[in-house]
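Data first, discussion second: the structure below is written as structure tokens.
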2 protein chains.
Amino acid sequence: MTSFKTDAKQDRHVGIKSAGNGAHKAAIRQENEEQILAAAEQVFADYGFKGATTARIAEMANVPKANVHYYFSTKEVIYRRIMEDVCDHWLQAAMTFDNSADPAVILRGYIEAKMDLSRARPYGSRLWAHEIIRGAKFSSDYISTTVKDWLDSRVVVIKGWIAEGKMDDIEPYSLMYMIFATTQHYADFGRQIEIFNDNRPLSEEQFAEAKENVVRIILKGVGLR
Amino acid sequence: MTSFKTDAKQDRHVGIKSAGNGAHKAAIRQENEEQILAAAEQVFADYGFKGATTARIAEMANVPKANVHYYFSTKEVIYRRIMEDVCDHWLQAAMTFDNSADPAVILRGYIEAKMDLSRARPYGSRLWAHEIIRGAKFSSDYISTTVKDWLDSRVVVIKGWIAEGKMDDIEPYSLMYMIFATTQHYADFGRQIEIFNDNRPLSEEQFAEAKENVVRIILKGVGLR
DNA sequence: TTTTAACCTGACCAAACGGTCAAGATAAAT
DNA sequence: ATTTATCTTGACCGTTTGGTCAGGTTAAAA
């Protein structure tokens, strides 16, 4: 971990200096900010907003604590930045809704994208879970505008499918909540799943099977395919 | 809140004193412990283990902070107590598995019981979510023994149904995780659902409809009924 | 009535907290 | 070569933290 970071820094030191034009300083900044954000995502996931400490973020990012505050004024700024970034990725996972293809294809694509995000970025998902569990104190505005608009537009699409008789008459919100819950469970409750799985993280094969099961149950459950 | 507590205390003061035999002191103890546990459940749900403060628990329980430590030696003791109590209730919700009735009836009963617990005790669910998200540091032993045994025995039952051709060939763990995730989502992400629902908590009717939708999608999804 | 055991609590403490700052190091611009 | 702007960091500060404790009150037992 430590050696990785040091190496990367030195690589850049050598590789970019010749490019001149202040690129080195810019690279240092980018490198450090990324390092801090990545560390913070993990620490916030583990301890929540209040429980996370800047000292621990600094330690995990391999920078002195004062340096964390050089790049980010407060703990809250870091937290908000990660929070919105995670949610933006989720919203983009529903791009499949936009091309008006077969509902089963659209829903499958969305569920699979969501599962993949849980696998690829579990800390971000867990940070979001913390945020909502504690009452969405920082994010209620964002949710009631951006996220709600996004959700409502998908609900309209689903209602269209129902009206056309393409799927069962299911309350669309219930369906979307089920997709949120189930896909994010594989990140948020990953530790619990790991314990049930004889204390081993799900293998690629196991995860792929889980993903396929989730898709199958939900699609069939709403009368698609 | 305050008046409720004071009244209750005085009621007991009058009502039980005549019973004699140290019942009053015992009643005081029980009353205070319950008050503290109820307050702690909420505070832990809101802030997680590290973020929760004994001062806030005390304030919410309407007792001086020192009194919290008179009844419970440490914050951790309170936390563990609530945690296991919540999980025990969940395990009992799967009692329906024991009478060998129709799979659809059993699964419906379990899902409905789980939904009802999310509605009745959201803070407990959120405390558990915190605990797992941060890595199940206090509960991994409990999960890998008691809870795992419980889960595995239900998985056996489901595999039996599959073998008898009563339902689709679904990986039972995927199904159980989906039930965990979806039912607990209504507690853990209750604030998010509330925001989507025009900033109003789900009414009894809305919740009942959600419950029925969850049951329908999952039962049909696994080929039951 | 006296004694005893349980309950109550303001005041306190060492440790940990988020954030600041001055002073030094480094690299870009002049 | 010198100035300027950015990056780095140990030391520090006021506040909050979980937990303690001595000295009090109250109710049960003797």
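All heavy atoms count here, side chains included; hydrogens, waters and symmetry mates do not. Quick note on labels: first sequence line is chain A, next is B, and so on, each numbered from 1.
- The aromatic rings of B:Tyr79 and B:Phe138 stand perpendicular to each other, their planes meeting at an angle above 60°, with 30° marking the opposite boundary.
- Salt bridge absent: B:Asp46 and B:Arg56 never bring a charged side-chain N and a carboxylate O closer than 4.0 Å.
- With sequence neighbours excluded, no residue forms a side chain to side chain contact (heavy atoms under 4.5 Å, CB included) with B:Asp149.
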Within the sub-3.5 Å range, which N or O atoms of nucleotides 15-21 of chain C have a protein N or O partner, and how far apart are they?
from	atom 1	to	atom 2	distance (Å)
C:dG18	OP1	A:Ala52	O	2.9
C:dG18	OP1	A:Thr54	N	3.4
C:dG18	OP1	A:Lys75	NZ	3.2
C:dG18	OP2	A:Thr54	N	3.0
C:dG18	OP2	A:Thr54	OG1	3.0
C:dG18	N7	A:Lys65	NZ	3.1
C:dG19	OP2	A:His69	NE2	3.3
C:dG19	OP2	A:Lys75	N	2.9
C:dG19	N7	A:Lys65	NZ	3.3
C:dG19	O6	A:Lys65	NZ	2.6

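- Considering only side-chain N and O atoms, B:Tyr70 lies nowhere under 4.0 angstrom from the phosphate OP1 or OP2 of C:dC8.
- A donor atom on one side chain and an acceptor atom on the other are not found under 3.5 Å apart for A:Trp150 and A:Gln92.
- The CZ atom of B:Phe44 sits 11 Å away from the C1' atom of D:dG18 (whole-angstrom rounding).
- The side chain of B:Asn32 contributes an N or O atom lying less than 4.0 Å from OP1 or OP2 of C:dC8.
- We find that CG of B:Asn67 is positioned 14 Å from P of D:dT26, with the value rounded to whole Å.
- Going from atom OH of B:Tyr47 over to atom C1' of D:dG18 covers 17 Å, rounded to whole Å.
- With sequence neighbours excluded, the residues satisfying side chain to side chain contact (heavy atoms under 4.5 Å, CB included) with A:Ser73 are A:Val77.
- Across the protein-nucleic acid pair, A:Gln30 atom CD and D:dT6 atom C1' stand 16 Å apart, rounded to whole Å.
- In the set D:dG10, D:dC7, C:dC8, D:dG10 carries the atom at the smallest distance from any side-chain atom of A:Pro64.
- Per the geometry, CD1 belonging to B:Ile78 stands 10 Å off P belonging to D:dG18, to the nearest Å.
- Note on A:Arg29: every side-chain N or O is 4.0 Å or more away from OP1 and OP2 of D:dT6.
- Residue contacts shown for B:Tyr71 are limited to sugar-phosphate atoms, with no base heavy atom under 4.0 Å away.
- No cation-pi contact links B:Lys148 to A:Phe196, judged by a cut-off of 6.0 Å to the six-membered ring centre and 45° from its axis.
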